[in-house]
Amino acid sequence: MWNSQAPLQLLLSMPNTLNKENLINLQKVIDVDKIINSQRLKRDLCGEYAPFCDFCNKKLPYPCAQAYVKMKQSEGLDVEVEEQLSVEEEPAKEVAAETTPEVEPKEKKTVRIAYLKRKK
């Protein structure tokens, strides 16, 4: 189902230590094929698209690219990711929650609608 040759050819053309730009390019190649197959099958294939999905950590930047690199490392390919790119990032929601001041809930306003009955 997935094009295993395109990311492999790209990875082999890259240096042994991958930087952010390398991961971005690898992620783009994987995303294009994943999107094409997702559209063809009419569902999101995230997490089940390819064998490297077993290595996925969605908290990492460029998760597909990093999972692919981990898979290739497990197969014996000599490739590394720069240290700062492999560190887990804090989820944006947690950061936002810490920086957002708490607001006291406002009183609920109720509206009463009155109507008159017509006399016959």
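Scope of the values below: all heavy atoms of this structure, side chains included, with no hydrogens, waters or symmetry mates. For the single chain, residues carry numbers from 1 onward in sequence order. Nothing here was measured: the structure is a model prediction, and the numbers come from that model.
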### Message
Is the shortest side-chain heavy-atom distance between Y62 and L26 below 4.5 Å?
### Response
no
#### Entry: For the student: nearest non-hydrogen atoms of L18 and L23, plus distance
CD1-CD2, 4.1 Å
#### Entry: Min side-chain heavy-atom separation M14-N25 under 4.5 Å
yes
### Query
If we only count heavy atoms from C-beta on, is the L77 to L12 side-chain gap below 4.5 Å?
yes
### Message
Do P15 and N22 have side chains that approach each other closer than 4.5 Å (heavy atoms only, starting at C-beta)?
### Response
yes
### Query
Do Q73 and V79 have side chains that get closer than 4.5 Å, going by heavy atoms?
yes
### Task
Check whether any side-chain N or O of Q27 sits under 3.5 Å from a backbone N or O of A65 as a donor-acceptor pair, and report yes or no.
yes
### Query
Rounded to the nearest 0.5 Å, how far apart are CE of M71 and CZ of F52?
7.0 Å
### Task
Considering non-hydrogen atoms only, spot the tightest contact between G47 and C53 and give its length.
O-CB, 3.5 Å
### Message
Tell me whether D31 is salt-bridged to K28, with the criterion being a basic N under 4.0 Å from an acidic carboxylate O.
### Response
no
Let me check something: any side-chain donor-acceptor pairs from residues 1-9 under 3.5 Å, sequence neighbours excluded? List them with distances.
residue	atom	partner	partner atom	Å
N3	OD1	Q5	N	3.1
N3	OD1	A6	N	3.3

#### Entry: P61 backbone acceptor or donor facing Q66 side chain under 3.5 Å
yes
### Task
Output every pair passing side chain to side chain donor-acceptor pair (under 3.5 Å) with a member in residues 40-56, not counting sequence neighbours, ordered by first then second residue.
D33-Y49, N37-R40, R43-E48
### Message
Measuring only between side-chain heavy atoms, which start at C-beta, is L11 closer than 4.5 Å to K72?
### Response
yes
### Task
Group every Ile, Leu, Val, Met, Phe, Trp and Tyr by side-chain heavy-atom contacts under 4.5 Å, then state whether L45 and I36 land in the same group.
no
### Task
Check whether I24 and V69 end up in the same hydrophobic cluster, where Ile, Leu, Val, Met, Phe, Trp and Tyr are linked by side-chain heavy atoms less than 4.5 Å apart.
yes
### Message
If I take atom NZ from residue K58 and atom SG from residue C46, how far apart are they, to the nearest 0.5 angstrom?
### Response
3.5 Å
